[in-house]
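Computation of the quantities below employed the complete heavy-atom set of this structure, encompassing side-chain atoms and omitting hydrogens, waters and symmetry-equivalent molecules.
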Amino acid sequence: MKKAVWISALASALALLTSTTGIAGMTDSVVVSGPSPLEACKAQDAAQPGRNFFNAEVEPQVALHGSKAIAMWHEDRWSGGGGHGIGFGISSDGGATWTPTKAMPWDACAPGVPSGTPSSLTGYLRNSDPWVSFGPDGTAYASALAFNIAVPNWANAVAVATMKPSKTTWSYVQPIPGSAFTQFAQSTDKNSTTADPKIAGTAYTVWDTLIEPTDNPDDNPHTSSYTGPAYFSKTTDWGKTWSQAKVIIDTGQRQQTIGNIIVVDARNGTLYNFTNMILPPNTPRQGTRTNQQVAFVKSTDGGDTWTAPQIIAPFNSLGVRDPNTGESLRVGDGLEEVAIDPSNGKLYVVWESSSNYQKQLKQSAAAWDDQILLSASSDGGATWTSPSVVHQLASGLPTFTPTIAVNGGRVAVTYYDNRYLQPGQTVNLPTDYWVAYSIDGGATFGNEQHIDGSFDSRTAPVARGFFLGDYEGLQPSGSGFLAVYVRTNCVAPYTGSACAPANSNTSNPPTSNTNPTDVFSAVLS
């Protein structure tokens, strides 16, 4: 989101896992991202607000079609929003190996921008929120935010592009009609793109636009008046053109949506758009926690008309903190992640939530999310199961940023946690990445597999907290899954140049850590 975180030590820790956790062995992971292709962007950095973490990759997304995979991520993350651009890599062997990093052609310093790209897209200095999806014919559709922060203006838009089957370059690069603005008071955020699983050439993109009453960011409009409806656009000609942006969830004053994601029921074409509905009371600058609700709307006519929003459950999330230092981690605590079983249309949604929400409201300095919840629907969203716990540590240590996928009736949920953090350990913040499986439709998760770690999150880029991404990537692959995720390059026993601290997010002090994070992939069987 742009606006609204070896091994010898690990081996001994893993031995403590009981048989109830199931699989505990590490997967074989490979590096996806390489050196930043956006060196030319550095020329603009001195005039930009905030700090740039060059070669810091965060917040990946991934899509697969057969053995071809495309991963995308923030390249060179900024402390105050987005990155220099969006990096991407392509795999032709299901994620076992990846091509060198390239940059999406959506900003001013991206190399190799295709001829015919609108000049409006080549004037942006930052990109954010990458998303990619394959259609049934192997066409890939990608989107991201393209924007500026104050310099040279406040322009922003939702940018899209298409990769044709058997190609490795992008075409039809353009802003979605009706998504481009030139002022702070209208700002796009948290897009996602979903290709129709049955109709070749058709894809859907959703996002929110935060509309504020003033073009002066110093007016603190969040304390007065704003709204953030969900917008929708579709293509039916393989991305050559996109429909005019239209509102599919209208919002009142001091209300907004964020985290809009569409899934499609392949059996009947029904579209489901999931979102975080932010409703009153919503006065974060006045001491009241935001009222956030997991919600959805649906369309049975290809997006022409939509139902009213239906609430599934409250988020009840408070963010994540290092309990030893009180420092914040920037995580996906305000975003749901969703999946649909193509065989039967069963819907799944996961999010992170604080089990003692009301108690922790009164002790916010010590609050952190400590569980991951799941709800499911087998009747097209008419009813939902009561939220059940996918993952919670008995110690209460943080668990965060879940992602979900379904393959052959098996449900996989990936997440980070800090289970190996010791009392009084303040120099580093051990973090691990995991996957849990369910073979009973999400009713229970008794199988856990270690994907990566432990690594030190305190060396991650800082963007309102130590930042790995508001989301990570997970997709069905063969009979298993492909996970694409971020970790820092400072791994236990936490020595070497990659373990230099991230330092401040408001200045740019010298540091020997010139490659704080990378994107990795792991094939999960």
Side-chain angles (χ1 to χ4, degrees), residues 23 25-35 37 57-75 86-104 130-142 163-170 192-195 197 337 339 342 401-408 410-416 432-437 447-453 455 468-469 471-489 491 517-525:
I23 303 171
M26 284 184 61
T27 62
D28 292 328
S29 60
V30 297
V31 182
V32 177
S33 57
E57 294 86 15
V58 298
E59 199 164 273
Q61 186 54 258
V62 65
L64 290 98
H65 183 265
S67 60
K68 184 177 182 179
I70 300 176
M72 302 172 65
W73 57 85
H74 290 212
E75 185 61 63
I86 299 299
F88 76 95
I90 299 175
S91 173
S92 60
D93 53 15
T97 60
W98 295 85
T99 61
T101 298
K102 297 181 181 180
M104 294 298 295
W131 209 271
V132 60
S133 181
F134 275 107
D137 63 339
T139 300
Y141 304 87
M163 183 180 289
K164 298 177 181 178
S166 76
K167 300 293 185 180
T168 58
T169 57
W170 298 94
S192 68
T193 295
T194 303
E337 295 293 332
T401 316
T403 304
I404 188 168
V406 184
N407 193 1
R410 190 164 59 131
V411 183
V413 176
T414 54
Y415 47 86
Y416 295 97
D432 290 77
Y433 201 52
W434 305 84
V435 60
Y437 298 107
N447 226 10
E448 186 179 59
Q449 184 177 4
H450 188 242
I451 298 175
D452 208 339
F455 57 88
L468 303 173
Y471 53 81
E472 308 294 321
L474 182 68
Q475 292 291 332
S477 177
S479 60
F481 303 86
L482 178 65
V484 172
Y485 61 96
V486 167
R487 70 158 169 82
T488 72
N489 288 312
V491 297
T517 52
D518 269 303
V519 178
F520 293 79
S521 70
V523 176
L524 310 176
S525 58

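- Side-chain contact between W98 and V519: absent, with no pair of heavy atoms (C-beta onward) separated by less than 4.5 Å.
- In this structure T403 satisfies the side-chain hydrogen bond (donor to acceptor under 3.5 Å, both in side chains) test with no other residue, sequence neighbours excluded.
- Contact annotation: the side chain of E57 approaches that of E75 to within less than 4.5 Å [non-hydrogen atoms, C-beta and beyond].
- Side-chain contact between I451 and T414 is present, with heavy atoms from C-beta onward closer than 4.5 Å.
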Inset, instruction - Test V30 against V523 for side-chain contact (heavy atoms from CB on, under 4.5 Å), laying out the working first. - result: CA-CA 9 Å; V30 297; V523 176; over 6 Å; no

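- How far CD1 of I70 is from OH of Y141: 11.5 Å, rounded to the nearest 0.5 Å.
- Aromatic ring pairs are classed by plane angle as parallel below 30°, tilted from 30° to 60° and perpendicular above 60°; the pair F455 and Y416 is perpendicular.
- In this structure, the side chains of F88 and M163 come closer than 4.5 Å at one or more pairs of heavy atoms.
- Taking the six-membered ring where tryptophan is involved, the planes of H65 and F134 are tilted, since the angle between them lies from 30° to 60°.
- Looking only at side-chain heavy atoms (C-beta outward), M72 and P60 stay at 4.5 Å or farther from each other.
- What you find for P476 and L64 is that their closest heavy atoms are O-CD1, 3.9 Å.
- Residues L524 and L474 meet the side-chain proximity criterion, which asks for heavy atoms closer than 4.5 Å.
- Between the side chains of W73 and S33, no donor-acceptor pair is found at a separation under 3.5 Å.
- When only modelled atom types and interatomic distance are considered, E337 and Y471 share no side-chain donor-acceptor pair under 3.5 Å.
- The two residues V435 and A412 come nearest to each other via the heavy atoms CG2-CB, 4.0 Å.
- Closest heavy-atom contact between L482 and S521: CD1-CB, 4.2 Å.
- Residues T401 and L468 fail the side-chain proximity criterion, which asks for heavy atoms closer than 4.5 Å.
- The shortest distance between side-chain heavy atoms of V486 and E59 does not fall below 4.5 Å.
- Scanning all heavy atoms of the two residues, the minimum distance from S477 to G94 falls at OG-O, 4.4 Å.
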